[in-house]
Amino acid sequence: MRKHKYAYAGGVVLLAALAGCGAAQAGPGSQGPAQGAATSPASSAMTAAAPSTTAPSTTSPPTTAPSATTPASWAWCSSATLGQQTTPDGRFDLYNNKWNTAYNPGPQTICGNSESDWQVTSNQRAGNTGVLTYPSVQLNYNGGNGYALSRFSSMTSSWAEQMPSVSGLDAEAAYDIWLNGLNKEVMVWVDNHGQTPAGSKMATYSISGATWDLYVTGGYMAFVREGNATSGSVDLFAMLKDLEDRGLLPSSATLWQVNFGWEICSTGGKPASFSVTSYSLTSTPSS
């Protein structure tokens with residue numbers, strides 16, 4: 001199954017077609033449209049590209065909206081297509097990111113207190129296999145301008161997340177790292193339910209006490225954990241250096257953005273909750 005990906009970068013929308021739950025929408029960060037903006041992820045120019053001939057499945061009727069109530073424990077909630085909020089420390093953004101507007105994602109509400117305490121209630125149609133949303137916590141380096149990969153000497157992250165136990169769930173928890181604007185994408189899948197990454201498997205090796213399979217196609221690279229983990233830690237810098245050593249990334253590449261969240265294809269046609277209870281991203285430089 002192929003899917004479209006619209007990504008916002010400096011006022012330009014880029015279009016890509018990758019297989020399955022492969023590549024998520026990059027967020028606008030401080031450069032992007034305001035909360036509650038129009039349904040397109042960008043409001044200006046669009047670059048022409050040949051669309052995929054196969055859209056995500058639409059076998060089920062439209063879903064109903066999750067409850068709009070805001071629990072007293074949440075500092076912020078949004079059901080806006082691109083709703084986002086900066087966390088109290090000013091370093092991260094929480095991002096609703098219903099990016100695949102061309103294929104009518106179902107309703108989704110994000111609520112949060114910090115990068116380590118947030119949840120999403122999403123309702124995506126049964127049987128769908130193309131990515132519709134990527135709710136996530138996001139860090140934009142250097143105010144959205146990024147740093148050369150050669151400037152980094154470390155990058156580690158830890159996570160604790162929970163996906164819903166619902167029939168028909170099609171989603172994965174994953175990091176999404178963008179370099180050179182939107183020209184290079186590195187994903188790290190940690191908890192996969194029903195998906196296969198785009199590309200061909202290039203290598204298998206151990207990092208951070210786990211075994212990972214590396215898939216590559218064009219500018220898209222994905223490290224897929226063998227065996228799901230709802231919590232753990234990972235040396236993201238070791239992965240990026242491996243890609244550099246393989247000639248897939250130049251040291252001059254600009255590391256722009258790191259995200260963590262869920263690529264959601266289907267929740268079985270019913271509201272389902274995804275939660276993060278711990279998250280950290282430590283790197284040099286830090287932000």
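Predicted model only: the values in this text are computed from it and were never measured.
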Can you tell me how the ring of Tyr279 sits relative to the ring of Phe92, calling it parallel under 30°, perpendicular over 60° and tilted otherwise?
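Tyr279 and Phe92: perpendicular rings.
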Taking salt bridge (Lys or Arg N to Asp or Glu O under 4.0 Å) as the test, write out the residues that go with Lys201, two or more places apart.
none
Tell me, please, which residues at least two apart from Arg246 pass salt bridge (Lys or Arg N to Asp or Glu O under 4.0 Å).
Asp242
Rounded to the nearest 0.5 Å, how far apart are OG1 of Thr254 and CD of Gln257?
13.5 Å
[X]: ring pair (Phe, Tyr, Trp, His ring centres under 6.0 Å) partners, not counting sequence neighbours:
X: Tyr141; result: Phe152
X: Phe237; result: none
X: Trp262; result: Trp118, Phe274

Taking side-chain hydrogen bond (donor to acceptor under 3.5 Å, both in side chains) as the definition, give me every residue that meets it alongside Ser116, ordered by chain and number, with sequence neighbours left out.
none
Consider only side-chain N and O atoms of Thr121 and Thr109, and report whether a donor and an acceptor are under 3.5 Å apart.
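Side-chain D/A pair, Thr121 to Thr109: absent.
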Looking only at side-chain N and O atoms, does Asp235 offer a donor or acceptor that is under 3.5 Å from a partner on Ser208?
no
Check Gln124, Gln108, Lys98 against Thr133 for a side-chain hydrogen bond (donor to acceptor under 3.5 Å, both in side chains) and give me the one that passes.
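The passing option is Gln108.
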Between Asp176 and Tyr134, is a side chain to side chain contact (heavy atoms under 4.5 Å, CB included) present by the stated rule, with each step listed?
CA-CA 10 Å; Asp176 200 15; Tyr134 180 62; 3.5 Å; yes
